[in-house]
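All figures in this text were calculated on a predicted structure; none of them were measured in a lab.
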Amino acid sequence: MKSKRIRRNIIKTRRTVRDVTSLNEGPWRWAMGIETGIAVGIPVALFMFLGRQSYGLIAALGAYVIMYAGSRTLF
């Protein structure tokens, strides 16, 4: 009885791991993520190098907002 339960849990775990790690067919959507990573990473790195980390975080937040909310209307 106990070995059946363990075997069933192993099978479910394998399915879950396969589903989580597999890629679905569809369009390539990494472009926006890469652009956002660059837009957020460059200001943080630059201002950190200059000793003003808080300015870099503010600039990165602004870049993040523009990337995702720039096309939205206010009203």
Side-chain angles (χ1 to χ4, degrees):
M1 176 79 96
K2 195 171 185 178
S3 69
K4 285 183 181 181
R5 187 180 309 152
I6 292 172
R7 184 180 170 111
R8 193 174 6 173
N9 287 338
I10 290 172
I11 292 171
K12 285 182 181 180
T13 303
R14 284 182 185 165
R15 282 188 202 147
T16 303
V17 169
R18 186 186 64 223
D19 290 343
V20 169
T21 58
S22 66
L23 295 175
N24 295 332
E25 293 295 323
W28 192 71
R29 298 180 184 188
W30 285 87
M32 188 65 165
I34 292 171
E35 289 175 8
T36 304
I38 291 170
V40 170
I42 288 176
V44 170
L46 177 68
F47 282 108
M48 236 170 128
F49 178 72
L50 295 174
R52 301 287 187 168
Q53 184 180 8
S54 60
Y55 291 168
L57 295 174
I58 292 170
L61 180 62
Y64 185 75
V65 169
I66 293 299
M67 293 290 286
Y68 285 102
S71 63
R72 303 224 181 240
T73 60
L74 294 176
F75 301 104

Hydrophobic clusters join Ile, Leu, Val, Met, Phe, Trp and Tyr when side-chain heavy atoms are under 4.5 Å apart, directly or via other members; which others share one with Leu57?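 Answer for Leu57: Val44, Met48.
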In the hydrophobic cluster built from side-chain contacts under 4.5 Å, what are the other members alongside Val20?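 Its cluster partners, ordered by chain and number, are none at all.
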So, using ring pair (Phe, Tyr, Trp, His ring centres under 6.0 Å) as the criterion, who are the partners of Tyr55 when residues are at least two apart?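 Tyr55: no ring pair (Phe, Tyr, Trp, His ring centres under 6.0 Å) contacts found.
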Straight-line distance of Ile6 CD1 to Thr13 OG1, nearest 0.5 Å: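 One gets 11.5 Å once the value is rounded to the nearest 0.5 Å.
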So, using side-chain contact (heavy atoms from CB on, under 4.5 Å) as the criterion, who are the partners of [X] when residues are at least two apart?
X: Arg15; value: Ile11, Arg18
X: Ala59; value: Pro43, Phe47
X: Ile58; value: none

